[in-house]
Structures are given as structure tokens and as C-alpha cells.
Undergrad: 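Dumping the structure here so I can ask a few things about it.
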There are 2 protein chains.
Amino acid sequence: MTPSIVNASPNASLRYCEIGRCLLRVARVSCNFTHQSVCSIPGFSLRYECQPHEILFRENDPSENLFVLRRGLIKLTTVSIDGHAQIVGLAVPGQLVGFETKSKKARRFTAETVTPVTVCRLRNGDMLRVLKQNPPVAMAVIELVNHELLEAQQFIRMLRKRSAEKRVAWFLLSLASHAAPGATIPLALSRREIAELLGLTVETVSRLMSSFRRSGLIDAPRGGLRIRQAERLQACVNKPERH
Amino acid sequence: MTPSIVNASPNASLRYCEIGRCLLRVARVSCNFTHQSVCSIPGFSLRYECQPHEILFRENDPSENLFVLRRGLIKLTTVSIDGHAQIVGLAVPGQLVGFETKSKKARRFTAETVTPVTVCRLRNGDMLRVLKQNPPVAMAVIELVNHELLEAQQFIRMLRKRSAEKRVAWFLLSLASHAAPGATIPLALSRREIAELLGLTVETVSRLMSSFRRSGLIDAPRGGLRIRQAERLQACVNKPERH
DNA sequence: CGCAGGCTTGACGCTGATCAAGGGCTGTGG
DNA sequence: CCACAGCCCTTGATCAGCGTCAAGCCTGCG
């Protein structure tokens, strides 16, 4: 079955969402901004609850909406020349997904939920209008985008640190960092998806996770993950340098 | 000899710089914004001409200033645990270098010129004030940062495409894309720096550039570079897919 | 002249991709 | 109910790309 598209089937529970609580609170910004000045546009922002494997938007579609991710995990993929899907990144709560300064521009990737997700949907055009009229919101967006840029740069540094072991350890830790320590968290991504994200192969990821499991660093129950010795995993990321 | 620090030795020719021409024109934004509203702060922005190997700021210093790069190339480095410098990225004209939403924050990298460079220097605090008061400038900054984010994501995709040959070909093309086609451009980075940037070793980069030279794809005179057959280089980046 | 540092080239070995086989789980249809 | 197909995951065997080590060349500089 092909996943549903949110734009086409807004069947989930939805209600109007105040940008003050959605965008700004997620961005952890405190500013003297008045709620009404932003939300004067009726239907400005809609809140959705999505199931896993729903498509928020597809590559090459026009960039009509943007989404503020409040809960859950979204994967961003493109299909490469050989017709094979390729993960280009993950979005975590607090991130803007699909924001474009030109709303006519084609999407550069497909956005698909991998866990149950809460998002707020806005029209890119409305967003741009608000940004022009509302400096505090613009500041919040600058902080958000800047923060994403920093994370991308960290990811780049990680990818250059060539060892596969470090990549997998890093990935597991960053997954767990969004959850309570010691808890068993759902491992929403398949081995194949992890491999694509880290630039490895399924076999290598599988071997390394088995190795971590045998060494007692993690538990890997069906579709789940529990970090048992975060320090040793972290040491695995940091210690052995190259060159 | 250690490179000079711009903050400490503003000996280059400098003059006041209008942000309207500096930030906004570089950002290629047209908006109905008045020049005076931004430049009302005396000494708001200073234009510098820098020599190669000058330090704009150092890792861990407080983020006092930001720079708008108008001309030239700047490399961003951190020193890793073993005390060895590691390139984290390059800045090209039009980019903001060292922008922070919290001006107390420590720099996350060192910024050093690699070519003759023209930059505009602003205090981060002044910049934030302007952003709060001047939506068009905020919009321009959002576009700039968003654009950088896109480039970082492209770079990530390139890094995952594992072949060393593709990385080097991609790098040469992206260097040349900022210059006239067919021209001999200065290759400001050493083999070592290229290798660090691409996550390879000096030897591999050297071998591949020799190979490209022998195949007639490029000329590599001392400290220079000329693309002879951009199409074949591009084909080298695109054609052979993995997985 | 001698030394240092950047670049090139060669020989070798390790890491991780590739190829292959098998087990477990799920859904589907007889 | 079972049989079977398909997918995901795991593990093993082999191979090759690139890192590592080493040597030599060239340029610049003291």
C-alpha cells in the first residue's frame, strides 16, 4: 500500500494551532511578541497528528506548505537516478520541515513520517508574510535555521571520521539523546535506512550492532533500542582518531 | 610565523560599508528597505581587505563579530583532540561567517583567509538589533542561512557517495564554478587541506589529481587549476552509482 | 649547501563493500 | 490450518578501494 498524503487526507484529529505555542515555544525563544499579531490570519496554522509512514509532501511538488515538527521523527528522502530511495536526513522535534523562501520552488526531497508525529502546517506564503511583519518570529526562525545548520556541520564532521563503528555508535547515541537515559526507545528506522543515512551498507550496520550487543553496550530487542553503557559508546565515537 | 588577527591588527585599507550594498546586495535580495534605517548606527559595519592566512577569529573566542564574505575564500577549522587542525568547511562569497544569535557563545571554529579577501565586519549584537527592527534584513539573513543549509545538505550527500574519485571531481568542479569557465584559477588549498575537506588522505588526492591530469581532464600548474573537460569531470561525479 | 615542507609514486594491508546463504516474521491464498 | 512468498535481519567468505608506510623529487629558505 502506498502511504497516505497529509495534504490529500487531513483525516487525523486537527485543530487550530497558535503559532506562539507552536513555533516560538518549540524554538525556545522568549520575546515580547503578541499572540494576536501573528494569528490574525484565520486558518494560519493547523495541527496534525500523523501515523507512521504518512507522506507530508513529495519531491518536486511545489513548496506550498511548511511543517513545524513537534513530536516524532520524519525522514527526508530523494530518489536517485537509479530509482532507488536515498535518505538525505532526519528531522527531529523543533525543526522546520519544508520551509522555502520561494513558495514556487520544487521540493528538494520527500518528507515521510517514521513514527507517530505531531506537526503544525502553515502555508509558506503566510509564513513569509508573518516574517516580514513580525521581527520576533523572524528571529526565532533565524535561530532555528542556524541551529539546523550547526547540526548539519556536525554531521559532516562525523561522516569524515571514516570508521563505520564510530558512525553507528554516533547514530545510536544521537537517537537516544532525545529520550530518557536507560529507557528502551523504539528504533523506527530499519537497518537499510540507518545504512543509507550513515553512508554504509545493511550488512555493516547489522554486524556492528550485533557486535555492540555482544559487548553489552546496547540491547536491541525487536524494533527497539536500549543504551546500556552510554559512556563506552561515547568513548567509541571519540577515542580512536585517524590521520 | 603566526598569521595576523584582524581584530587585533586592522591595518588593511578599511572604510565604512553600507549594509545595503554589502549584506543585501550579496544576498541578491530586492526589497523596499531604506538604507538609513540600517546604517543609523555609526561604525555599524567596516569593510576590510585581508591578505591570505589572516585569522578572522579563533575557536573558543567569544562571538563578538560576524563577517560577510564579499570576495575570496575562507577556511573554517577546529583543532581536534590530537592537536591537529581539521577543516570543517569553506566559506564562499555571499556567506555569513561567524554569525551567532547569542553573542556570548564561544566560536565553534577558527576562520582563516586562504586567498585575498574582502569582508564586512559587524558586531553580532548590532546585527541582532537590526534584525529585530528591520524585517527585510531579517528575511535576507533567513535566505542566506537557509541557502547555506542547502549547501551543507548537498555536501552530506556527496560525502556519502563514497568513491574518492567522485569527491575530488566534485571538489574541483565546485571550485571552478565560482570562476570563468576555462580559466586557470588559483588553487588556494594545499593537498592536505583538500584531503581534510573531503575526508581523504593526501596521497589519495594526489593520485587522483595526477590521474585526472594524465587523462587530460584538468591542468594542474603550480598552485593553479584549469578544468579542460568539465563534462567528463561532471560525468565522473554522476555516472557510477552504488548500492 | 643542507634542511624542511609540499607533492608524487609505489608496495602492502585493513576496513568495509559485495556476494551468498539461511533464519525469523508477516501476510496471503489454498 | 498449512504452504509459500517476501522482506528484514544476520552471518560468513571474498574482494577491492583507499589508508598506511616508505622513498624520492622539487622548491624555497636559512
Side-chain angles (χ1 to χ4, degrees), chain A residues 1-3 52-53 75 82 84-87 114 158-172 186-215 218-225 236 239-243, chain B residues 1-2 52-53 75 82 84-87 114 158-172 186-215 218-225 236 240-243:
Chain A
M1 71 174 184
T2 108
H53 308 296
K75 77 173 175 182
D82 53 8
H84 183 73
Q86 177 98 10
I87 292 197
V114 297
M158 194 277 303
L159 279 183
R160 275 192 294 225
K161 206 183 277 200
R162 307 232 22 274
S163 131
E165 188 183 30
K166 281 187 246 183
R167 297 189 196 189
V168 175
W170 177 90
F171 169 76
L172 295 178
L187 183 52
L189 297 179
S190 71
R191 296 289 188 274
R192 162 156 293 284
E193 290 170 319
I194 298 171
E196 280 171 11
L197 190 67
L198 300 179
L200 301 170
T201 58
V202 189
E203 294 93 329
T204 301
V205 173
S206 182
R207 268 186 260 272
L208 286 169
M209 291 193 55
S210 296
S211 156
F212 287 149
R213 185 159 30 78
R214 274 192 294 271
S215 310
I218 62 171
D219 265 355
R222 173 139 206 87
L225 169 71
C236 177
K239 271 196 238 160
E241 281 302 334
R242 310 281 290 259
H243 299 305
Chain B
M1 74 176 180
T2 109
H53 307 298
K75 77 172 177 183
D82 53 9
H84 182 72
Q86 176 99 11
I87 292 197
V114 297
M158 195 277 303
L159 279 182
R160 274 191 293 225
K161 207 183 279 198
R162 306 236 19 274
S163 133
E165 188 184 31
K166 280 188 248 181
R167 296 189 197 190
V168 175
W170 176 90
F171 169 75
L172 296 178
L187 183 54
L189 297 180
S190 71
R191 298 288 187 272
R192 162 156 292 285
E193 290 170 319
I194 298 172
E196 280 172 11
L197 190 66
L198 300 178
L200 300 171
T201 59
V202 189
E203 295 93 329
T204 301
V205 172
S206 182
R207 267 187 261 271
L208 286 169
M209 292 194 54
S210 296
S211 157
F212 287 150
R213 186 160 30 78
R214 274 193 294 271
S215 312
I218 63 171
D219 264 355
R222 175 144 206 85
L225 170 71
C236 177
E241 280 302 335
R242 310 283 289 261
H243 298 306

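Numbered from 1 within each chain, the chains take letters A, B, ... in sequence-line order. These values consider heavy atoms only, across backbone and side chains, with no hydrogens, waters or symmetry-generated copies.
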Undergrad: Does anything in residues 196-211 of chain B pair up under salt bridge (Lys or Arg N to Asp or Glu O under 4.0 Å), and if so which pairs, sequence neighbours excluded?
TA: B:Arg192-B:Glu196
Undergrad: With sequence neighbours excluded, tell me which residues meet side-chain hydrogen bond (donor to acceptor under 3.5 Å, both in side chains) with B:Thr204.
TA: B:Thr201
Undergrad: Using atom CG of A:Leu187 as one end and atom C1' of D:dC9 as the other, report the distance to the nearest whole Å.
TA: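 Value for this atom pair: 12 Å.
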Undergrad: I'd like to compare against my own output: the B/S/- annotation of nucleotides 5-14 of chain C with a strict under-4.0 Å heavy-atom distance to protein.
TA: --SBBBB---
Undergrad: May I have the distance from B:Leu200 (atom CG) to C:dG16 (atom P), rounded to whole angstrom?
TA: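 So the CG-P distance, B:Leu200 to C:dG16, works out to 15 Å.
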Undergrad: So, using side-chain hydrogen bond (donor to acceptor under 3.5 Å, both in side chains) as the criterion, who are the partners of B:Ser211 when residues are at least two apart?
TA: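 None.
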Undergrad: If the condition is side-chain contact (heavy atoms from CB on, under 4.5 Å), which residues does B:Ala188 pass it with, not counting sequence neighbours?
TA: B:Val114, B:Thr115
Undergrad: Under the side-chain hydrogen bond (donor to acceptor under 3.5 Å, both in side chains) test, which residues partner A:Ser215, sequence neighbours left out?
TA: none
Undergrad: Rounded to the nearest Å, what distance is computed from the NZ atom of residue A:Lys166 to the C1' atom of nucleotide C:dG16?
TA: 14 Å
